[in-house]
Amino acid sequence: QVQLVESGGGLVQPGGSLSLSCAASGSIFAINVMGWYRQAPGKQRELVAAITSGGSTNYADSVKGRFTISRDNAKNTVYLQMNSLKPEDKAVYYCKQSRPQGGRIYWGQGTQVTVAS
């Protein structure tokens, strides 16, 4: 079975930082494309950042320069470092596992990120 378990969500003040982790199991992690998505109430789930097996990254314009996605294949974990957080970053953040050629997609259950003073 494939499992994606997110951690690191919580409450942070505007301008603060938060680090999210997604631990994967049940598959060959190193060959997967990993991504972070987020969804706020009433909004479409949107891509935040993605990283390929080779380390290439892609970011939403809204987080570019503030967020950094990385992966540690030895630990089967993908990370999202979030800096300079804004209230509009408040959402449930989901970890996603996929393959470049398509096929089965796996999602974590999400972790809540709240940015408020």
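We number each residue from 1, following the sequence as shown.
The side-chain tip of R71 points at the ring of F29 from less than 6.0 angstrom away and within 45° of straight on.
Identified under the disulfide bond (SG atoms under 2.5 Å apart) test for residues 44-76, with sequence neighbours left out: none.
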Listing, residues 3-27 side-chain donor-acceptor contacts under 3.5 Å, not counting sequence neighbours, or none:
| from | atom 1 | to | atom 2 | distance (Å) |
| --- | --- | --- | --- | --- |
| E6 | OE1 | Q109 | N | 3.2 |
| E6 | OE1 | G110 | N | 3.0 |
| E6 | OE2 | C95 | N | 2.8 |
| E6 | OE2 | G110 | N | 3.2 |
| S17 | OG | N83 | OD1 | 2.9 |
| S19 | OG | Q81 | OE1 | 2.4 |
| S27 | OG | N32 | ND2 | 3.4 |
| S27 | OG | Q97 | OE1 | 3.3 |
| S27 | OG | Q97 | NE2 | 3.3 |

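When every heavy atom of I51 is checked against every heavy atom of V78, the shortest pair comes out as CG2-CG2, 4.1 Å.
Between the CD1 atom in I31 and the CG atom in N73 there is a gap of 10.5 Å [rounded to 0.5 Å].
Applying the salt bridge (charged side-chain N to carboxylate O under 4.0 Å, His left out) criterion to K64, with sequence neighbours excluded, gives D61.
Taking the six-membered ring where the residue is Trp, F67 and Y93 present tilted rings, their angle falling between 30° and 60°.
Cluster membership check: Y106 shares its hydrophobic cluster with I69, using side-chain heavy-atom separations under 4.5 Å among Ile, Leu, Val, Met, Phe, Trp and Tyr.
With a 4.5 Å cut-off on side-chain heavy atoms, R66 and M82 do not count as touching. Contact check for L80 versus R38: no side-chain heavy atoms found under the 4.5 Å cut-off. A 4.5 Å side-chain heavy-atom check between K90 and Q112 finds at least one atom pair inside the cut-off. Between R45 and W107, some side-chain heavy-atom pair lies under the 4.5 Å cut-off.
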